[in-house]
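The next block holds one structure in the form of structure tokens; read it before the comments.
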Amino acid sequence: MDFELKQLDLAASAAHKCDALVLLVGESFTAGQDEASSLIAAAIKADHLKLKAGKLLQLYLSAPFLAHRVVLVGAGDGSAKQVKTAALAAMNALKSSPAKRVLVSLALLSTAMPAGAAVLQAAVAGVADAGYAYSATKSKPEPVALQTVVFGVHSTAPLKPSFDKACALANGVNLAKEWGNLPPNFATPTLLADAAKALTKGGSPVKCDVLTERQIEALGMGSFLAVAKGSIEPPRFIVLKYNGAAKSEAPTVLVGKGITFDTGGISIKPAAEMDEMKYDMCGAASVLGVFRALADIQPAINVVGLIPSCENMPDGRAVKPGDVVTSMSGQTIEVLNTDAEGRLILCDALTYAERFKPKAVIDIATLTGACVVALGGVRSGLFSTDDSLALALQAAGDAALDPCWRLPLDDEYAEGLKSNFADVANVGGRAGGAITAAKFLQRFTKKFAWAHLDIAGTAWKSGAAKGSTGRPVGLLLDYLLGLAPVVVPVDASRPKRRVPKAGTKAETNAG
Ligand code: BES
Ligand code: MN
Ligand code: ZN
């Protein structure tokens, strides 16, 4: 699907040649003199159009509307969040229509800077969300007519950088969704590594190295390898690099949990819903999504992505409860529950991250069922040893409509991890399970500022709407772009793109 940005007021939108016109109408709507706004005013007056976000009124019209099909959609208070809801609802309604070219008009909303950037990005995100359809392993994919979505705004120039960012984000989110959704026999560690390598193609600035089992062994990643042992699929350690700033600039390291299927191992999981453990590589998929977006946007920052990837399977060779393994850090770990495998692969990746002398390390993992109990599917769990990093991630999550919530790391929570036979056990008690998992990881993060995102509740949806959400690519991208030096345009109508300029920390990017 192609996205275009066009300067179109309401009258010009009505006169624009397309197959369907979506008009977002906020509660602050006031009618002008034109045909379209009298129609809307009448529909509101007669209570046919409700302005609550996502409420639809579909019309089939003749002149002066060039698009015969018109979808009026309530956009609530016109905030980014409600605009996303509105755009998503309108595009879902058009999904099975024959419309090839759709105009989504934001002309009735405040698209003046700076609020306009957030509103436009939310509209793009909503449309992109509705536009994603999984088809990779279906023999007869549902036909999709939609080819182009035009976003109509009052003034394109000041919004162009935000629009480009939103399009890059949409591509990154789609990639994360696709790899999350792929069945576990189509997303093995080897295939995930191939997906990472594919990000380096076509003149992309992304670089990728994939370490094999022997190289992982040579590094001393005994904890990661203990998990991998139970599977005939060989493990992979994926290293992605994006360098947009000077070499001297410390990188931010993203570490994504890449368990391509989690049976629990010898501490095997119950059968019900075990299929959803194909999503146990969504942390890894979010790292791929971020690198996809970075390749498009090319901001002046350095980022490293690390993905330890393997299956967690029961087998004659599998790690057993009670086994003691030696991590790359030298710390020994008593594996009391082989289903607490995420932390066992992440701890070695965190130790590996030390070599980059990072600005910060953020790991992203579908780590605990306990986090789903604590926060449900709305906010990801955030843990951090660094208050300013935590604040920045929280702010990025809010801005990207991909929110998280900070949970504590008091040392008392680590009590249960004590072991009589190793330096640490891989599980504590049941209570505070998301936190004890984070406390385990924290032992491997002494050398850098660290944050951990537990996305067990937010990375995918269960039930009828089963599917990957692409979260937290939005949060991570907004956080990373906030690190980039920005050139503030002198003339707002002629904005310059973010350019690499080492050492200058001007204003951070708001959009
Ligand atoms: N991948 C799971 C976490 C998970 C479970 C995410 C269910 C989403 C839904 C993880 O590897 C795991 O199995 N964690 C255990 C830890 C426990 C053994 C301490 C859990 O949460 O039950
Ligand atoms: Mn597990
Ligand atoms: Zn797992």
Side-chain angles (χ1 to χ4, degrees), residues 180 184 187 189 192 223-224 226-231 235 255-286 307-314 318-323 333-347 349 363-381 383 407 413-419 424-441 452-463 466-469 471-472:
L192 197 65
S223 185
F224 174 24
V227 178
K229 278 198 317 176
S231 172
V255 179
K257 174 178 173 183
I259 295 289
T260 60
F261 196 75
D262 181 11
T263 64
I266 298 298
S267 315
I268 200 161
K269 288 181 181 295
E273 280 121 49
M274 204 208 272
D275 67 289
E276 295 191 8
M277 283 300 113
K278 72 173 182 177
Y279 290 114
D280 215 15
M281 36 58 71
C282 281
S286 76
I307 297 173
S309 181
C310 66
E311 286 184 342
N312 186 23
M313 298 287 281
V319 67
K320 303 172 292 297
D323 280 358
I333 303 164
E334 186 184 13
V335 182
L336 288 176
N337 189 321
T338 66
D339 197 11
E341 85 297 340
R343 60 199 82 179
L344 294 176
I345 72 167
L346 290 170
C347 68
D363 76 71
I364 310 103
T366 47
L367 203 62
T368 64
C371 192
V372 190
V373 175
L375 296 173
V378 181
R379 286 177 185 262
S380 304
F383 300 84
L407 293 164
Y413 285 109
E415 281 298 310
L417 293 172
K418 286 192 173 141
S419 164
V424 65
N426 78 327
V427 289
R430 262 171 54 82
I435 311 173
T436 50
K439 288 305 287 181
F440 178 91
L441 295 177
H452 158 58
L453 287 164
D454 192 332
I455 58 167
T458 53
W460 77 91
K461 290 183 176 141
S462 305
K466 194 188 286 181
S468 174
T469 61
R471 292 176 68 180

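Remember, it's 1-based here, ligands and their atoms both numbered in the order they're listed.
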Which atom name would you report as the N, O or S atom of Asp262 nearest the Mn ion (ligand 2)? OD2

Indicate yes or no: at least one non-hydrogen side-chain atom of Ser223 is less than 4.5 angstrom from one of Leu344. yes

Ser286 side chain to Arg471 backbone, donor-acceptor under 3.5 Å: no

Are Val227 and Pro308 side-chain neighbours, meaning at least one heavy-atom pair lies under 4.5 Å? no

Dump the pairs for me: ligand 1 N or O, protein N or O, distance under 3.5 Å, to 0.1 Å.
from: ligand 1; atom 1: 1 (N); to: Lys257; atom 2: NZ; distance (Å): 3.3
from: ligand 1; atom 1: 1 (N); to: Asp262; atom 2: OD2; distance (Å): 3.2
from: ligand 1; atom 1: 1 (N); to: Asp280; atom 2: OD1; distance (Å): 2.8
from: ligand 1; atom 1: 1 (N); to: Asp280; atom 2: OD2; distance (Å): 3.0
from: ligand 1; atom 1: 1 (N); to: Thr366; atom 2: O; distance (Å): 3.3
from: ligand 1; atom 1: 11 (O); to: Lys257; atom 2: NZ; distance (Å): 3.2
from: ligand 1; atom 1: 11 (O); to: Asp262; atom 2: OD2; distance (Å): 2.9
from: ligand 1; atom 1: 11 (O); to: Asp339; atom 2: O; distance (Å): 3.1
from: ligand 1; atom 1: 11 (O); to: Glu341; atom 2: OE1; distance (Å): 2.8
from: ligand 1; atom 1: 11 (O); to: Glu341; atom 2: OE2; distance (Å): 2.9
from: ligand 1; atom 1: 13 (O); to: Lys269; atom 2: NZ; distance (Å): 2.8
from: ligand 1; atom 1: 13 (O); to: Asp339; atom 2: O; distance (Å): 3.0
from: ligand 1; atom 1: 13 (O); to: Asp339; atom 2: OD1; distance (Å): 2.7
from: ligand 1; atom 1: 13 (O); to: Asp339; atom 2: OD2; distance (Å): 3.2
from: ligand 1; atom 1: 14 (N); to: Leu367; atom 2: O; distance (Å): 3.4
from: ligand 1; atom 1: 21 (O); to: Gly369; atom 2: N; distance (Å): 2.7

Looking at the Mn ion (ligand 2), is one of the N, O or S atoms of Glu341 less than 2.8 Å from it? yes

For the atom pair CG (Leu407) and CZ (Phe383), what is the distance rounded to the nearest 0.5 Å? 4.5 Å

Hey, are Glu276 and Ser462 close enough side-chain-wise for a donor-acceptor pair under 3.5 Å? yes

With a 4.5 Å cut-off on side-chain heavy atoms, are Glu311 and Thr263 touching? no

Side chain Asn426, main chain Ala340, donor-acceptor under 3.5 Å: yes

Once rounded to the nearest 0.5 Å, what's the spacing between atom CG of Leu453 and atom OG1 of Thr366? 12.0 Å

Please give me the protein atoms (N, O or S only) lying under 2.8 Å from the Zn ion (ligand 3), ordered by chain and number. Lys257 NZ, Asp262 OD2, Asp280 OD2, Glu341 OE2

Using a strict 4.0 Å threshold on nitrogen-to-oxygen distance, state whether Lys257 and Asp363 make a salt bridge. no

Check whether Thr436 reaches the backbone of Gly433 with its side chain - one donor and one acceptor, N or O, closer than 3.5 Å. yes

